[in-house]
Amino acid sequence: MAALRGPARRLLPPGGLAGLGLPPRRYRYRYKEKWAGTAPKISATRLALQNFDMNYSVQFGSVWPSIRVSLLSEQKYGALVNNFSDANRVSQELELLNAVDFVYESQKAAWHMQWDSRVEGVRGEETAPQETHSEQLSVEQTQAPSLLSASISPNIKCYTFSKGDVSRFPPARPDALGTLGYYLLDAASLLPVLALNVQPGDLVLDLCAAPGGKTLALLQTGCCRHLAANDISASRSNRLRRVLCSYVPKDISADVHITSWDGRNWGELEGDTYNRVLVDVPCTTDRHSVMEENNNIFSRKRLKERQMLPMLQMQLLLAGLLAARPGGEVVYSTCSLSQLQNEYVVERAVEVAETQYNISVHVEDLSYFRRLFQDTFSFFADCRLGELVLPHLTANFGPMYFCKLRREQ
Ligand SMILES: C[S@@+](CC[C@H](N)C(=O)[O-])C[C@H]1O[C@@H](n2cnc3c(N)ncnc32)[C@H](O)[C@@H]1O
């Protein structure tokens, strides 16, 4: 501002500009700079929470406060039993802690449900004798089709504490050969692997694999004829190598083909190849984002990266679809609650696969997962596509979104 002269100068109170509460001119610009430099910065965790409050209160309505408080509370873990160690002994130790194998328990519950529906079918036959045997069969098949087809790998064993029990697992100990007995992870992150339903002899691609929890779970099925584990980050790929080294015998881990490519190009590099593809994409990692400043995607410097996430996710899913052989199955997953990163990405990838690559894709119904695993996880009932595990104080797993797609041709 130019110095005031003449009559205007007389309008100033004693003390000049300082009397108006402004600093003397020689300090003014320095003051302004300093003010800009020290403006209170909102932490990334706070920014994440503000963003979630704005978006998720609309998406989840009255359920959001319950999800919110759960995200801010201690997360629950599951102990994935390592079949390459003394798995029976490890299971016994985990059972002594009062933990239960949620995969096995869900299978038991499924068989009971099927048994009940059969008994109902027989009862129905008594009251409706005109129904033929084949009609009765088709009734049974429509009553419990998804449970019958829910072939969940019996080789995956994961122990959790029951709902409301907030006990923690001790860290796994190495056995005499140095192999660890279990791997601690968010138990909900096994659901995408279970949904992938790997069959004996399958060629499997884990497109975004590091640090390797799901790769390890895929190996536990004992079904992969070949497993390609890729992650664009070389340092994270090294973490994956270390995980395999601690859990898997050398001859098995030597068969895992670890690469650090940009997964978006995979379809061009190795198209129409795999029976099963897991696309566990980078996302806003909602739980981490509200709890940890470190490596937080809501930090200002990562704004562009955050804005570009849905595009990256869509490109990765598309690459996964292209890498699958016709008839092959792809599971897309995130640990975010965001519809923009979940259903919208799936819809867009299916559309682009059809319009630009002439590939038709069928989105599978996974609603039976809700029934199978209702005793362990809290599911969102209103996903348009796929399934979403909601964090809940009694079962504080997730968020975990997963959606299964079958490439038709
Ligand atoms: C959610 S994490 C994967 C977690 C892993 N599946 C697990 O269960 O341990 C997402 C991973 O995607 C990787 N990533 C990001 N962009 C990628 C890209 N263009 N191609 C391949 N991987 C990518 C990140 O380095 C990160 O490790």
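Bear in mind that the values here come from a model prediction, so they are computed numbers and not experimental data. Counting convention: from 1, in listed order, for ligands and their atoms alike.
Contact annotation for Ala209 and ligand 1: only backbone heavy atoms (N, CA, C, O) come within less than 4.0 Å of the ligand. Under 4.0 Å from ligand 1, the heavy atoms of Val281 that appear belong solely to its backbone.
The shortest contact between atom 12 (O) of ligand 1 and any protein heavy atom is with Cys208 CB, 3.3 Å. From the protein, the heavy atom lying nearest to atom 6 (N) of ligand 1 is Asp280 OD2, 2.7 Å. Atom 15 (C) of ligand 1 has as its closest protein heavy atom Pro282 CG, 3.5 Å. Scanning all protein heavy atoms for the shortest distance to atom 22 (N) of ligand 1 gives Ile232 N, 3.2 Å. Scanning the protein heavy atoms around atom 24 (C) of ligand 1, the nearest turns out to be Asp231 OD1, 3.5 Å. The protein non-hydrogen atom at the shortest distance from atom 20 (N) of ligand 1 is Gly263 N, 2.8 Å.
Between Phe402 and Phe369, the ring centre distance stays below 6.0 Å.
In summary, the atoms of ligand 1 found under 4.0 Å from a heavy atom of Arg236, numbered by their order in the structure, are 2 (S), 25 (O), 26 (C), 27 (O). For ligand 1, the atoms sitting less than 4.0 Å from at least one non-hydrogen atom of Ser233 are 25 (O), numbered in the order shown with element in parentheses. Using a 4.0 Å cut-off to heavy atoms of Gly212, the atoms of ligand 1 that qualify are 7 (C), 9 (O). Atoms of ligand 1 found under 4.0 Å from any heavy atom of Pro211 (numbered from 1 in listed order, with element): 9 (O). Each of the following atoms of ligand 1 lies closer than 4.0 Å to a heavy atom of Trp261: 20 (N), 21 (C). Against a heavy-atom cut-off of under 4.0 Å, Asn230 is close to the following atoms of ligand 1: 21 (C). Taking every heavy atom of Leu316 and a limit of under 4.0 angstrom, the matching atoms of ligand 1 come to 18 (C), 19 (N), 20 (N).
At a 4.0 Å cut-off, at least one heavy atom of Leu207 sits close enough to ligand 1 to count as contact.
Aromatic ring pairs are classed by plane angle as parallel below 30°, tilted from 30° to 60° and perpendicular above 60°; the pair His257 and His226 is tilted.
Residue Arg306 holds its CZ atom at 12.5 Å from NZ of Lys301, rounded to the nearest 0.5 Å.
Ion pairing of Arg276 with Asp202 is present here, as a side-chain N (NZ or NE/NH1/NH2) and a carboxylate O approach within less than 4.0 Å. Arg68 has a carboxylate O that lies under 4.0 Å from a charged side-chain N of Asp53, or vice versa, which qualifies the two as a salt bridge.
Listed here is the closest heavy atom pair of Phe161 and Leu97: CE2-O, 3.3 Å.
Proximity of a side-chain donor or acceptor of Arg407 to a complementary backbone N or O of Arg325 within less than 3.5 Å is not detected. Here the side chain of Asn296 pairs a donor or acceptor atom with the backbone of Glu292 at under 3.5 angstrom. At least one donor-acceptor pair closer than 3.5 Å links the side chain of Thr221 to the backbone N or O of Cys223. Lys404 contributes a side-chain N or O that, together with a main-chain N or O of Ala195, makes up a donor-acceptor pair within less than 3.5 Å. With hydrogens and angles disregarded, a donor-acceptor distance shorter than 3.5 Å links the side chain of Ser70 to the backbone of Leu393.
Across the listed options Thr285, Asn265, Asp262, Asp262 owns the non-hydrogen atom lying nearest to atom 19 (N) of ligand 1. Proximity annotation for atom 5 (C) of ligand 1: of Gly213, Ser235, Ala210, Ala210 comes nearest, heavy atoms only.
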